Amino acid sequence: MSIAPVESIASLSSDLFYDILRRLDGATLASASCTCATFCSISKEERLWENVCSSVWPSTNREDVKSLISSMGGFRKFYADCFPLIVNKHVAEYQQNNYLEYPDNLTEAEYYGDSNEFEVLSPSDFVSIIDIRFKGKPIRSKVLWGVPNANGSNGWFYNCPFQIDLLTYADRDDNNDGVVTLSVSDGLPPITSMEKERKDGKLWHELCNGLQLSWIIVNRRMKQAANLASWSPLGGQRHWPTDNDFVIRFGSVLPAKDILPSQVVECILIMKFRVVHTEGEGVRTTIKLNELSMQLEDMEGAYVNGRNSLLILKEALSCQRSKNYSEVLESCHMYSKVQNELKEEKLRNESRSNTFCILSGIAAFITFWYCCL
């Protein structure tokens, strides 16, 4: 079979170029758009970026999500906002003696900012777009409009710890058809007993290496979006609180300047699996997802309330991001390092304070008996 020579790339059909570009992932498509004017022009087609977003985030296939993304500027902008992960390079080396306090002349509410900001900031404006993969295969997609149980601007939500729980009690029911489960057919190693798993940790390692989480927060009014997850797990706990439980943690470090004294907070995304069956008697190893939640925690380990969490999420939508995953991990590890140093410093100060109180008590006791004698 003879192949006709091509005089120049410009002589090829634009339909052929489109067919080539639609097979690329987002990063490659963005790079290809910089090679020539033809590729640059074709790569602006929204349909190409819709396919890219659909492959990365299956939840964007929903019609209501498509309408939301279109209202924000389209799939190309959505990908550019949500594919790079949040990176915070300004995690300061906080020490106990320079940890910021509330100014004496301001109330706590006044310190946190102008209350008028909540006239344009409502829990109902936020949308959560969540996708979970295991070994590259989508296992769960969910879209949550608004923040659950956040009705009323003066309600308990604004003063209580902020939390978004993606699983309802029905989702946790073993008999519910929508429950998320993983088994040997999905790539899990067969586990004959939890005693054996405690020793070799095969199931734990497969979960940590295979799970990926994307949690995109969108503000419909501001028309901004950001991915708060770290894609891969940042850590977790085996066999907590029971032998059959595995808690896996994702997240990111968010700026909280002029919102909280710590200036930065950690967005903690928790995914909890429970072993339902182990291998044996015709039953395959099966685990069930029974928790998927988000909380914000400050440098001292305290959960952030609803009011300040909305302000922090608003700031996160316009903060710095990076496609370099090592930078994202470095930011998270730096936060953990500084947080541990702060906790150790607090323990040392408390120990010194307790020692001083004990010595003061002993001295007072000796002085009292000396005076009595």
Side-chain angles (χ1 to χ4, degrees), residues 18-19 21-27 29-30 33 41-86 117-133 137-151 153 157 162 164-168 170-171 178 180 212-229 231 252 267 269 292-294 306 309-319 321:
Y18 182 91
D19 190 61
L21 294 182
R22 73 180 181 83
R23 303 172 188 271
L24 304 180
D25 58 30
L29 178 58
S33 65
S41 177
I42 298 176
S43 65
K44 294 178 182 179
E45 290 286 339
E46 270 294 287
R47 184 61 182 172
L48 290 175
W49 292 102
E50 182 178 346
N51 292 338
V52 168
C53 291
S54 175
S55 63
V56 178
W57 304 291
S59 53
T60 59
N61 282 321
R62 292 177 38 153
E63 291 302 322
D64 53 353
V65 177
K66 288 182 180 180
S67 299
L68 173 64
I69 294 175
S70 298
S71 68
M72 296 169 53
F75 286 90
R76 185 184 183 190
K77 180 180 181 297
F78 183 81
Y79 181 87
D81 289 341
C82 301
F83 184 76
L85 300 180
I86 292 176
E117 187 166 6
F118 276 90
E119 295 179 1
V120 293
L121 187 63
S122 169
S124 61
D125 292 332
F126 290 91
V127 181
S128 295
I129 302 175
I130 300 95
D131 290 282
I132 309 172
R133 292 176 180 270
K137 175 185 175 183
I139 60 173
R140 180 67 184 265
S141 295
K142 187 165 185 178
V143 179
L144 183 65
W145 298 83
V147 179
N149 304 317
N151 297 327
S153 59
F157 165 79
F162 171 84
I164 298 179
D165 192 347
L166 263 294
L167 298 185
T168 64
D171 293 326
V180 179
Q212 287 185 319
L213 173 64
S214 171
W215 190 313
I216 295 173
I217 285 287
V218 178
N219 188 295
R220 290 185 285 176
R221 186 176 301 187
M222 297 171 57
K223 301 187 184 303
Q224 290 180 312
N227 196 341
L228 303 185
W231 283 113
S252 56
C267 176
L269 308 176
L292 180 57
S293 62
M294 171 200 292
S309 294
L310 293 184
L311 292 173
I312 292 170
L313 292 178
K314 172 180 173 291
E315 293 298 318
L317 297 178
S318 56
C319 68
R321 295 160 217 192

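Note: hydrogens, waters and symmetry copies are ignored here, and every other heavy atom, side chains too, is used. The model shown is predicted, which means the values in this text are computed figures rather than measured ones. If you read the sequence from its start, that first residue is 1, and numbering goes on from there.
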Shortest non-hydrogen separation from [X] to [Y] and the atoms involved:
X	Y	value
Val52	Leu24	CG2-O, 3.9 Å
Ala316	Cys319	O-SG, 3.2 Å
Ala225	Met72	CB-CE, 3.7 Å
Ala226	Leu317	N-CD2, 3.8 Å
Pro58	Val56	CD-O, 3.6 Å
Cys267	Met294	SG-CG, 3.9 Å

Kindly indicate whether the side chain of [X], heavy atoms from C-beta on, has any atom under 4.5 Å from the side chain of [Y].
X	Y	result
Leu313	Leu311	no
Ser128	Val143	no
Leu144	Val127	no
Trp145	Asp64	yes
Ile217	Asn227	no

Could you check Leu68 against Arg220 for side chain to side chain contact (heavy atoms under 4.5 Å, CB included), going step by step and ending with a plain yes or no?
CA-CA 8 Å; Leu68 173 64; Arg220 290 185 285 176; 3.5 Å; yes
For a side chain to side chain contact (heavy atoms under 4.5 Å, CB included) check, start with the C-alpha distance between Leu228 and Ile86, then their side-chain angles and the critical distance, and finish with the verdict.
CA-CA 7 Å; Leu228 303 185; Ile86 292 176; 3.6 Å; yes
Check: [Y] main-chain N/O paired with [X] side-chain donor or acceptor under 3.5 Å:
X	Y	value
Arg133	Leu213	no
Lys142	Leu166	yes
Ser54	Glu50	no

To the closest 0.5 Å, what do you measure between [atom1] ([X]) and [atom2] ([Y])?
X	Y	atom1	atom2	result
Met222	Gln224	CE	CD	4.0 Å
Asp81	Lys223	CG	NZ	13.0 Å
Asn61	Cys53	CG	SG	10.0 Å
Gln212	Ile139	CD	CD1	10.5 Å
Asn51	Arg23	CG	CZ	11.5 Å
Asp125	Leu310	CG	CG	9.5 Å

Between Phe157 and Phe162, what is the ring plane arrangement, given parallel below 30°, perpendicular above 60°, and tilted in between?
perpendicular
Which of Phe83, Trp57, Phe75, Tyr79 passes ring pair (Phe, Tyr, Trp, His ring centres under 6.0 Å) with Trp49? Answer is Tyr79
Applying side chain to side chain contact (heavy atoms under 4.5 Å, CB included) to Asp131 and Ile216, what does each step give before you reach the verdict?
CA-CA 9 Å; Asp131 290 282; Ile216 295 173; 5.9 Å; no
Who are the side chain to side chain donor-acceptor pair (under 3.5 Å) partners of Ser293, not counting sequence neighbours?
Glu291
Take Arg140 and Ile130, measure what side chain to side chain contact (heavy atoms under 4.5 Å, CB included) needs, and give me the verdict at the end.
CA-CA 8 Å; Arg140 180 67 184 265; Ile130 300 95; over 6 Å; no
Please check if any side-chain donor atom of Trp231 sits under 3.5 Å from a side-chain acceptor atom of Ser214, or the reverse.
no
